[in-house]
Amino acid sequence: MNRRCTLAILVNDQPGVLQRVAGLFGRRGFNISSITVGASEEPGLSRMVIETEGDNRTLEQIQKQLNKLIDVIKVVEVSAQPMVSRELGLIKVTAEPSVRPEIFGLVDTFRAAVVDVSPNTLIIQVVGTSDKVDAMIELLKPYGIRELTRTGVTAMVRG
Amino acid sequence: MSVQQAAQAQAQPQRSKAELIEKWSKPEVITGSEMLLRSLVLEGVDTVFGYPGGAVLYIYDAMYGFSDFHHLLTRHEQGAVHAADGYARSTGKVGVVIATSGPGATNTVTGIATAYMDSSPLVVITGNVVQQAIGTDAFQEADIVGITMPITKHSYLVRKAEDLPRVIREAFHIANTGRKGPVLIDIPKDVSAQKGLFQPVKEVKLRGYNPKVMPNRLQIEKLLDAIAKAERPVILAGGGVIYSGAHEELYQFVTKTGIPITTTLLGLGGFPSGHELHMGMPGMHGTYAANKALQNADLIINFGARFDDRVTMRLDGFAPHARVAHADIDPAEIGKNVPTDIPIVGDAKLVLQALLPEVRSNPKVADWRRQIQKWQQEHPLTYKDSDLELKPQWVISMIYETTKGDAIITSDVGQHQMWAAQFYKFNKPRSWISSGGLGTMGFGLPSAIGAQIGNPDRLVVSINGDGGIQMCAQELAVCAIHNIPVKVAIINNQVLGMVRQWQEIIYDERYSHIDLAGSPDFVKLAEAYGVKGFRATNKEEARRAWEAALAHPGPAVVDFVVPKLENVYPMVTQGRTIDEMILGDEE
């Protein structure tokens, strides 16, 4: 049975390392739902957070194959433990002055923020779990979403 | 370089290597090209297989007059990589290739993929355009690091000359430890020209690379317990046994426990093929006994085989009654295809050493051995011989008898490969060099050249089809010019035999584009290169031609003209379990 899985992968900050990791997923038919890359606590190393999906055997293969890459230092299945996972979404909605109070209300409820205001659009920034970002998007749809961008999930084990 | 020279190079006493290290270890300001050559010498390289071109001109200029290793100029970069692969598989040392950028680099791709699939240790050095030109679609530019990423164990794009000593040390370490494999080093032309301070690197520091070689004690105990209880155990041994040098331990293990053994295509030679407990090869063209044994086993003990689909065939019906123990140096292979009850990550030699002192098998294995003997007697490997025609299986048997199982045999891919695997009885490891995983036509001849360079004192026989030999026939020039005495047997059925067999059996005899009419006269082709050529169309001629080829001190080609319609049996077609065999003609 398929389940979702969040992996944190510590890698050498080398040219081509993203290609090695992403290429591995591609050629072995593994799925990437989202991928984020950035600096880690250690100079010279980056951390990738990949959300993937598969049955237990596939998820085990993904970790084993990742570990074979020389530039991969460590693979942690973050979702196997209590974790904090966050994603940021920017949503540009159509917002004539008449509907703005209503939208501000939604934004407050979600502890999101309006980060740009133009004569007939707003950009809303929402931070939270992917479910929360999904919910915010769902609620804003009736107003007309002009543009949407999401960072993908980054995550960390608690404690 | 002649084989005699190669022999001298091989025979150089240890002192001389120490002298070379002494000579080339001094820190000094030199070019990237010189750093490369010195680093290769410090790795103990005695032969490099290569082909020059624009982007490696500085490297070749540095090699001018350089005599501390040999360079063998092949006639195609694919030939260079296969030769290095044959050298690596037959010696256990890293095979080294140098090729230029663009087409030179892309010509290495098939060879690299071949080595990757069969875990053969190579270091492939390619030139690239100057760094400023990378990404501009410059003349002879190709992103070879990107192209080879899925088929290399690791790769490097070297940005400055001073990185070369470290990169080369790491590349050799990665290629020949853990699960072995090819490593690519791409060197832009400005890096090979650039001067810098050469400082030899001894230690390798790679945080992301620590292969686990020592098996877990708990898993060893589980396996010992499983063996003590098993009534119908089978050993499946693969290339890992050969690569880790575990053949002696395996022999002791088999003879001590009396457990029957089957060796995969790459495992042939890991256990003496003629031994009474050896059932031959399993799988698509495996023996009846080996396939029946796997299907009826209650315990499969896998040492260094990866449960390839040509071995397991239909996966969901594979070995339904067996508990599976799998020892492999690559943890990713364990459980990848076949669910595994006892996973053991480790080097095959160390695993066997851990098992040997304590292993005890069940007395009931004697009944199981009798059952297997019965299967062996019911359906041994056989073929319908003829006195009118020259049968390919007969030719292989003759090659076996005349060489007593002691030759190094390289093969190409197809029917002749399967017949060689079935009818040549290997006594020793590193004697069977064949492209198993990738199934690369064109592999047979160049890999034989590499094997001969690495083993100047052994007889090297290359068994090919009339299709495959034409994919790298140009390397006959290398045999001729350096008097490399490989004996090239062509099993010539004038057709792409394995494709023909599938079209006959699976595609209702719809023979589509398999006729090799228009092939050259192979005797004349050999002679055109200055290689001795012979032809045989019947048994008498075959014996005489083969003896003459063996007696000839240099390279020789023997064209064995065999019938078109011969098939390889047993055969398991795709989608079937391994005990659903087509047995074919029996005598």
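- Glu60(A) approaches Ile334(B) most closely through the heavy-atom pair OE2-O, 4.2 Å.
- Rounded to the nearest 0.5 angstrom, Arg28(A) CZ and Lys336(B) NZ are separated by 6.0 Å.
- Between chain B and the residues Arg27(A), Lys74(A), Gln63(A), the most heavy-atom pairs under 4.5 angstrom are made by Arg27(A).
- Around the NZ atom of Lys160(B), the shell of radius 6.0 Å holds no more than 12 heavy atoms that belong to other residues, nucleotides or ligands.
- Contact annotation for Ile174(B): only side-chain heavy atoms (C-beta onward) come within less than 4.5 Å of a heavy atom of chain A.
- The two residues Gln65(A) and Ala332(B) come nearest to each other via the heavy atoms NE2-CB, 3.5 Å.
- To the nearest 0.5 angstrom, Leu24(A) atom CG is 11.5 Å from Met149(B) atom CE.
- Heavy atoms of Ile62(A) lying under 4.5 Å from chain B are absent altogether.
- More than 12 heavy atoms of other residues, nucleotides or ligands sit less than 6.0 Å from atom NZ of Lys132(A).
- Not a single donor-acceptor pair under 3.5 Å links the side chain of Lys68(A) to the backbone N or O of Asp330(B).
- For the atom pair CG (Leu157(B)) and CD (Gln14(A)), the distance works out to 10.5 Å, reported to the nearest 0.5 Å.
- In terms of heavy-atom pairs under 4.5 Å with chain A, the best-connected choice from Pro150(B), Gly146(B), Pro339(B) is Pro150(B).
- Between atom CG of residue Leu10(A) and atom CZ of residue Arg207(B) there is a gap of 6.5 Å, rounded to the nearest 0.5 Å.
- Contacts with chain B were tallied for Ile73(A), Ile70(A), Val72(A); Ile70(A) has the most, counting heavy-atom pairs under 4.5 Å.
- Scanning all heavy atoms of the two residues, the minimum distance from Arg57(A) to Val338(B) falls at NH2-N, 4.4 Å.
- The environment of CZ in Arg314(B) is sparse: at most 12 heavy-atom neighbours from other residues, nucleotides or ligands sit within 6.0 Å.
- More than 12 heavy atoms of other shown residues, nucleotides or ligands fall within 6.0 angstrom of atom CE in Met83(A).
- Proximity to chain B is limited to the side chain of Gln61(A), based on heavy atoms less than 4.5 angstrom apart.
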